[in-house]
Amino acid sequence: MSHPEYAPAPDPSLNVQFTDSLVPELTAGRYVLAAHQTLTKDGARVDTDHYLDTPVTQQVEVRAPRFTLQPEWIHGAYPTPGATGLYDDVLPHVTLDRATLPWERVEEKDKQLPWLALLVFGEGELPDTDPHCLGRTEAKTVAELLGPESGVVLPQFDQAADPVTEDDKKTACRTLLVPAAVFHSVAPAEAELPLLTHVRRVNEQHQGVTLTADLIQVGDYAVVVGNRLPRAAGGRYVAHLVSLEGWQSRLPDGTKETYDGPDEKLRLISLWAWAFETIPDHAPGFAALTEHFVDTEGEGGSALLLRVPLPADRALSGTDQQEVADRLGKGYLPISCRTESGRSTFGWYRGPLVPRLPEPQTERERRRCAAEALIHLQQYGLFDVSLATAFTAGRGVALADHQFGAALLRLRGKVQQAAEKKSRATATAGARARIEHLAANGLAGHLGEVLTTPARARQAAATSVQRPGVTPVCAATDLPATAGLTPERLRADTDLHARLTSDDTPLVDPADEDLALVRSRLLGLRNLTGVPFAHLVPDTRMLPSESLRFFYVDPDWTATLLDGALSVGLAHTFDLTSDDLVFGPEGVAPLPPLTAPVTGLLLRSQLVSGWPALEVRPYAEPKATDGETTLPVLRREALADDVLLVLIEGVPGRVELAEPQQGVHFGIDEPEEGGSDDPVDDGIIRLREIDPQSGTPLGQETGAQFPAQPGLRSFLRDTGTGNPDTVLSITRLADGLKGALGLTDRPLTPSDFAIQMINAAQRRTFTTAAAQHAPTTTGDHPNG
């Protein structure tokens, strides 16, 4: 339960809303619940036996994370783990999916201080644990942290308010040894802790699958920020999210910045850590990474299409070479293969992701084996193995999914039994109608004819004449011949199809578990879920490192993929009919038709790991009547640490890649003109609007800057050690921002400070040329 003043209604006009904190009503610790009752009559208390006034108590313990964190609580960090680049204007930060985490343990409840802090160390500052800033820690049990340890100061846990249990003592946690002087230099002061921790409420509409274009998806994230800028000269750093429990007395007070205490070593609990390196003249930020896509986009954006690039140093001439160039341009790739006779040759292969709009799909027969999907190119004596590979891939995915195969076989059995029952009822009704017809038209004469006609002649007549409207019945079992019910017959006999698919008694319950499982798997397979990556991108030249590629999805390829999946367990013709009765256009549970082409993009870049919630915003071509609309995202999945796949329903006229708001980092800005190699000497903070009554949109730049004269060196701590020389005095900086913003009646809150310190989110826009459907780049813009 959180404070009611939090939880503002999501504002669709804002991408992110900042909040000071999200403190649970009950933080970690032991509590006593007391209950008592009194009786009143006409407003006056009624005397009762004493036992009614005696309160009943119950002890309650609220537990919260203390020594370790779950990895899934870490949403992301910046600079990204293992990153190399120029980060001298960035305050490192970590984003937490568990938005209440920094306030779940509060030692002083009236202050509600966070119990977490992000400490940034440089090379040589952790000589005992990690001198080279590789992210190393030492494993210790909680029992060992209770001490003693020779020559080391251990955290002092409050055993009275929140005792350490026997189970806790067995817990292993990560620790680091920090010299007391270094801790005093880099740790924030108590008054700075609230300013370095805040909550962001983010609109996540474009960070995942969006099947509804106007759906507002909101997520809450806690952000813990460091107070140290990496040096402009470069170097390695390691950031540790540490627990401050038991260390409040050791925090600097904000006035005395030099350390003159004893030469001690403190053992801190590191809840999460990562290392990065800052290098001068190397900027792999969002703008730089997306700028690379622009630099390599080719003429008219042609290099941004998913295909093997044509050789640039050799012109292709002649009919045969033009055929090769045309196929390469359509996304084909020559691959070696072997014919059924065993002869080695090569064939053409194209996956489901193609660079050009596929031809409209015509009515096609269902393929029952891979051989039926082979395309023979008679002119060249070669095969196009694209669809045959799709069939084999679908069959392989289905065979690997034992639940799918078993459910499919059970489902077909249910459909067959239901169809036999309906056919038997139809045959009985037909026989009864025939008897009534004979009775009305001379039954006695017909019986006499039967009695006087030899049996052999009657049998010959019965086999040579089949009366319309009567379903044939198997003589041996008296069951309808459903094995002869083919898809072709089903399409030709509309009355029979209507009887088998009538809504009054469906062949299978629409809520059947097997039906739901099979249908769900088929829908996922149509979105290429489970298809090996080598089938999607058969050559690394199609998707090199640090590249962005756009494509269409070939519906014939995905339809053949489903044919392969449904080929599992085919025993006779009726199995084909069964699938058509269930998943066909007029079946019990038809697969929804694709009303628009499916397109998408593949991204292979540091953006995938560095910005895990990277926003992908596809927009349709604007219309004069409706304007611009967002297209649904059918699938979004990170296929690898650096590969992101996005499938879009429709052809976008514009696609934006944008930084996620929950990961937008803190930092300082450069002045419009001038500047030096060290942002500390000329850095500024562009002030943003925080007054909702001003008329200016919240968060928009006001045009003013702080300080008036560029340079933030006067706001650095004077530690006197010569090492942590880029640690900001957050209290001094906050006081300066308060004066620049004209706040005279209230203090600068954590959300105010966060709004001023964030760097504007950036986005890169790609537009589609209507004629060639090829992407072109229009640039990146701030998106505050």
Side-chain angles (χ1 to χ4, degrees), residues 5-22 78 89-91 93 95 192 194-206 216 218-223 225 286-287 615 617 656 658-673 679 682-712 715 728 730-763 780-784:
E5 56 264 29
Y6 182 72
D11 186 346
S13 65
L14 299 177
N15 285 328
V16 59
Q17 295 172 271
F18 292 85
T19 304
D20 295 343
S21 61
L22 186 52
Y78 193 85
D89 59 350
V90 171
L91 289 174
H93 80 270
T95 306
E192 296 174 341
L195 295 172
L196 293 173
T197 311
H198 63 276
V199 174
R200 299 180 188 179
R201 168 160 282 196
V202 179
N203 181 2
E204 300 176 324
Q205 178 181 359
H206 299 290
I216 298 178
V218 175
D220 292 331
Y221 299 87
V223 181
V225 186
F286 182 89
E615 294 192 1
R617 309 172 184 172
E656 291 180 355
E659 288 185 287
Q661 299 292 341
Q662 63 264 43
V664 174
H665 54 263
F666 274 28
I668 57 178
D669 300 311
E670 297 180 359
E672 295 292 344
E673 298 180 358
D682 60 8
I684 60 173
I685 297 173
R686 292 187 171 89
L687 300 180
R688 297 175 179 272
E689 185 60 64
I690 59 175
D691 184 4
Q693 307 300 326
S694 66
T696 304
L698 290 174
Q700 183 171 310
E701 293 182 4
T702 62
Q705 71 177 41
F706 174 81
Q709 296 296 323
L712 297 176
F715 296 96
L728 287 171
I730 301 299
T731 51
R732 208 155 55 235
L733 181 61
D735 289 340
L737 287 171
K738 176 184 174 181
L741 292 168
L743 297 179
T744 58
D745 56 343
R746 66 177 181 86
L748 191 74
T749 66
S751 57
D752 295 335
F753 184 74
I755 292 174
Q756 304 308 316
M757 295 300 296
I758 61 169
N759 290 133
Q762 293 181 318
R763 66 172 181 252
D780 62 318
H781 311 279
N783 179 33

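Since this is a predicted model, take the numbers as computed values, not measurements.
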Once side-chain contact (heavy atoms from CB on, under 4.5 Å) is applied, do any residues pair with T749, and if so which ones, sequence neighbours excluded?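 Partners of T749 by the side-chain contact (heavy atoms from CB on, under 4.5 Å) criterion, ordered by chain and then number, come out as D20, R746, S751, D752.
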
Can you tell me which residue pairs pass the salt bridge (Lys or Arg N to Asp or Glu O under 4.0 Å) test with a partner in residues 703-712, sequence neighbours excluded?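 Sorted result for residues 703-712: empty, none.
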
Using 0.5 Å steps for rounding, measure from the [atom1] atom of [X] to the [atom2] atom of [Y].
X	Y	atom1	atom2	value
I690	L748	CD1	CG	6.0 Å
R732	D735	CZ	CG	9.5 Å
F715	T731	CZ	OG1	10.5 Å

Look at the side chain of [X] and the backbone N and O of [Y], then say whether any donor-acceptor pair between them is shorter than 3.5 Å.
X	Y	value
R686	N759	no
Q705	I684	no
E689	P692	no
E659	Q762	yes

Decide yes or no for L741 and F706: does some side-chain heavy atom of the first lie under 4.5 Å from some side-chain heavy atom of the second?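 SC-SC contact between L741 and F706 ruled out.
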
Any side-chain heavy-atom pair of T95 and Y78 under 4.5 Å: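 Side-chain contact under 4.5 Å: no.
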
Identify the heavy atoms of [X] and [Y] that sit nearest to each other, and give their distance.
X	Y	result
L687	Q756	CA-OE1, 3.3 Å
D682	P710	O-CB, 3.4 Å
V199	S21	CG2-C, 4.0 Å
M757	I685	SD-CD1, 3.5 Å
G683	L712	O-CG, 3.8 Å

Partner set under salt bridge (Lys or Arg N to Asp or Glu O under 4.0 Å) for E701, not counting sequence neighbours: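 Per chain and number, E701 pairs via salt bridge (Lys or Arg N to Asp or Glu O under 4.0 Å) with R688.
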
Given the rule in the side chain to side chain contact (heavy atoms under 4.5 Å, CB included) test, do L737 and L743 qualify, once you have shown the distances and angles that lead to the verdict? CA-CA 9 Å; L737 287 171; L743 297 179; over 6 Å; no

For the rings on F666 and H93, is their centre-to-centre separation under 6.0 Å?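 Aromatic pair excluded; centres sit 6.0 Å or further apart.
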
